[in-house]
Number of protein chains: 2
Amino acid sequence: MKIKVKQNPESMELINFLNEALSKRAFIILISCCRIKYRGRATSKLGLGDRTIVIKSDGSFLIHQDHNLDPVNWQPPNCKFQAIIEENKVFIRGFRRNPYESLEVEINKTYLASYHVGNDNKTLELAGYEEDMREMVFKDPFLIEKGFRPTSREYAVTNGFIDILGKDKNGDLVIIELKSRRAGINAVKQLKKYFDDFEDHKKFVRGILAAPSITEDAMELLEKYKMEFKELEPPKELNHEKNLTLDFFKK
Amino acid sequence: MKIKVKQNPESMELINFLNEALSKRAFIILISCCRIKYRGRATSKLGLGDRTIVIKSDGSFLIHQDHNLDPVNWQPPNCKFQAIIEENKVFIRGFRRNPYESLEVEINKTYLASYHVGNDNKTLELAGYEEDMREMVFKDPFLIEKGFRPTSREYAVTNGFIDILGKDKNGDLVIIELKSRRAGINAVKQLKKYFDDFEDHKKFVRGILAAPSITEDAMELLEKYKMEFKELEPPKELNHEKNLTLDFFKK
DNA sequence: CATTAGATTTCGGCA
DNA sequence: TGCCGAAGTCTAATG
């Protein structure tokens, strides 16, 4: 891991430092007092203040204030950079096309500058989404109810895709809408849309909203539409844990 | 501006550094080789790799890989922190309630640690979204068409809120749906919903979708529903620029 | 405190 | 490349 650090660099030092870092596609961090202008999908200005500026090796550009999770200004990956010096001030400009956007930082003073090229070849393993729920329900249909048999997932209808389509123990069609989080009005409306696609045979069609919980409003609407709610938690085991479990049982 | 920097701190040094910084509610940056576990709304794990760890003074917690704009793991503001040492490794744990979530970083090695308390009392001035469009159309109704008179904004109907309601030069009702970006199918569907709320008087009602551009599919659907498209850019001048213009005319 | 709608949403997947 | 849908969305405003 290579890392280079400079405290309180002068303008010329900083610009050399930045150009060196940019040419190496390094991960750059600056703690600077700066002004910011953005023009693109919207327009913004931010007056003088201390901020943390980050340029990633994929061309992401982030400027953070000392509060909020989101950066106050940013540019998505593949942004191109210019670092220039003008009247003894360093300007960093990041721009991209489609849509055209530019983000310009006028740096008054830099307290800390660092760049590094690290090693990281891991990707996030994440569990707890609708996809996992679909898998789970397909594998264990009784989680919905006894006798339920799923027939297809992501079934295309006029209004979109039905998460899971199947039949219940009486052979009636069942439309299942999955939500990995607390379901709201919108989930009910979505299910209703799919439900309506079968209005010719409504007597033999059931709509089930499966989610860990549901808002009161949504429950009311659901009942009004004569549809049902099934409490269902998304699986939260990671894949390798599932595999471990499988391996365990195989032994 | 106070800033403290340490390169390659040992575990004990790092933990003291972190606790000092946390007690001062400083802005902390670490460049470290680490493992990450998250458990809360979902569950995730990230194997060993070099990452940039940020803790803000409002309790935001961000961990960045060298790619993508978004952090690979995070915790929203008001997160509480623990920095402990175990088997000569530093663990940083950030947790919050409602919903309960925890984010744990196991630090194997730290290349750079810094904390600072900066000065920043500026807030972002931003322009160019739906609210600005509403204002603009109310002020200059002819932007929609000659003779258009807006009567109310955010008019409540069964299915939600109509952006702008008004009458055209013939006295017919006009429903306007605004989008600050390229409008897609959903924008048309939304407008159609509002449109349908007036189906008793459909002959005297027009639906207009106003946006900078529209997708081909959306345009087709719009025409099928006998509604209209009006090309309209959101205003992108900042407030003080607007004021300058006003002042200019007042003089 | 919960809910909602908008966002410079970002991001991934698919046509 | 453009479009659509989901997200640990986040965030500000509102009841």
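Throughout, protein chains are lettered first and strands after them, A, B, ... in sequence-line order, and every chain is numbered starting at 1.
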Checklist line | N or O in side chain of A:Asn186 less than 4.0 angstrom from C:dT3 OP1/OP2 | finding: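 False: A:Asn186 side-chain N/O out of range (4.0 Å or more) of C:dT3 OP1/OP2.
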Over all strands shown, is [X] touching base, sugar-phosphate only, or nothing at heavy-atom distances under 4.0 angstrom?
X        : answer
B:Asn73  : base
B:Tyr38  : base
A:Leu103 : nothing

Note to self: Whether B:Lys192 engages the ring of B:Tyr225 as a cation-pi pair (distance to the six-membered ring centre under 6.0 angstrom, angle to the ring normal within 45°) should be assessed.
What the structure shows: yes
Notebook entry, point to check: Is it the case that A:Lys56 places NZ or CZ above or below the six-membered ring of A:Phe27, under 6.0 angstrom from the centre and within 45 degrees of the axis?
Noted result: no
Provide, to the nearest angstrom, the distance between the [atom1] atom belonging to [X] and the [atom2] atom belonging to [N].
X        : N     : atom1 : atom2 : value
A:Arg153 : D:dG5 : CZ    : P     : 20 Å
B:Glu177 : C:dA5 : CD    : P     : 12 Å
A:Asn78  : C:dT8 : CG    : C1'   : 16 Å
B:Glu154 : C:dT4 : CD    : C1'   : 11 Å
B:Lys179 : C:dA5 : NZ    : P     : 11 Å
B:Leu178 : C:dG6 : CG    : C1'   : 13 Å
B:Glu131 : C:dA5 : CD    : C1'   : 12 Å
B:Glu216 : D:dT1 : CD    : P     : 18 Å

Margin query: Does any part of the side chain of A:Leu232, heavy atoms only, come nearer than 4.5 Å to the side chain of A:Met136, both counted from C-beta?
Written below: yes
Notebook entry, point to check: Can you tell if the side chain of A:Ile55 reaches within under 4.5 Å of the side chain of A:Ile29, non-hydrogen atoms only?
Noted result: no
Note to self: Nearest to the side chain of B:Ile185, heavy atoms from C-beta on, is which of D:dG2, D:dC4, D:dA6?
What the structure shows: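 Of D:dG2, D:dC4, D:dA6, D:dC4 is nearest to the side chain of B:Ile185.
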Next item on the list: Go through C:dT3, C:dG6, C:dT8 for me and flag the one nearest to the A:Ser44 side chain.
Entry: C:dT8
Margin query: Using a strict threshold of under 4.0 Å (side-chain N to carboxylate O), is an ion pair present between B:Glu154 and B:Arg134?
Written below: yes
Item checked: Basic-acidic side-chain contact under 4.0 Å: A:Glu104, A:Arg93 ->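 The answer is yes: the pair qualifies as a salt bridge.
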Next item on the list: For C:dC11 versus D:dT11, give the span between their P atoms, rounded off to a whole number of Å.
Entry: 15 Å
Item checked: Ring center gap for A:Phe81 and A:Phe61 short of 6.0 angstrom ->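 Yes, the ring of A:Phe81 comes within the 6.0 Å limit of the ring of A:Phe61, centre to centre.
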Next item on the list: Sugar-phosphate atoms are those with a prime plus P, OP1 and OP2; base atoms are the rest. Using that split, label each nucleotide of nucleotides 9-15 of chain D B, S or - for protein heavy atoms under 4.0 Å, 5' to 3'.
Entry: SSSS---
